[in-house]
Participant: 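The structure follows.
For the numbers below, each heavy atom of this structure counts, side chains included, while hydrogens, waters and symmetry mates do not. Residue indices begin at 1 and follow the sequence shown.
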Amino acid sequence: MSILFPKVPKPREWDYRPIYYDKEKEERRERREQKHSQLHRGSFREEHEKNMTELRRKKQSRLGFWIALLVLLLFAFYFLL
């Protein structure tokens, strides 16, 4: 197969994007960074931990339900058969 169709490497692509200085854009970025630095640190983590505890609680309740159902079915099969 390689004799009939030899593999020829493709040339590397050159992706050049020129960078221009935009004073207004830089000022907006600095103002935005100042606003974001004033946010409460750790607020995202607190929200994530709250969501994770709710998710764990839901998983535990589902697990308890399936275990109880399994136990009930085992008792039913043991006593009925």
Participant: With ILVMFWY side chains joined below 4.5 Å, transitively, what does Leu70's cluster contain besides itself?
Facilitator: Leu74
Participant: Not counting sequence neighbours, which residues clear side chain to side chain contact (heavy atoms under 4.5 Å, CB included) with Asp22? List them please.
Facilitator: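 Side chain to side chain contact (heavy atoms under 4.5 Å, CB included) list for Asp22, sorted by chain: Glu24, Lys25, Arg28.
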Participant: How many angstroms lie between CD in Glu30 and CZ in Arg32, if you round to the nearest 0.5 Å?
Facilitator: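 Glu30 atom CD to Arg32 atom CZ measures 10.5 Å (nearest 0.5 Å).
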Participant: Do you reckon Trp66 sits in the same ILVMFWY cluster as Leu73, going by side-chain contacts under 4.5 Å, direct or chained?
Facilitator: yes
Participant: Are more than 12 heavy atoms from other residues, nucleotides or ligands located less than 6.0 Å from atom OH of Tyr21?
Facilitator: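 More than 12 heavy atoms, drawn from other residues, nucleotides or ligands, come within 6.0 Å of this atom.
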Participant: With sequence neighbours left out, write down each residue that passes side-chain hydrogen bond (donor to acceptor under 3.5 Å, both in side chains) with Arg29, or none if nothing qualifies.
Facilitator: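 Testing Arg29 for side-chain hydrogen bond (donor to acceptor under 3.5 Å, both in side chains), a comparison that skips the adjacent residues, returns Glu26, Glu33.
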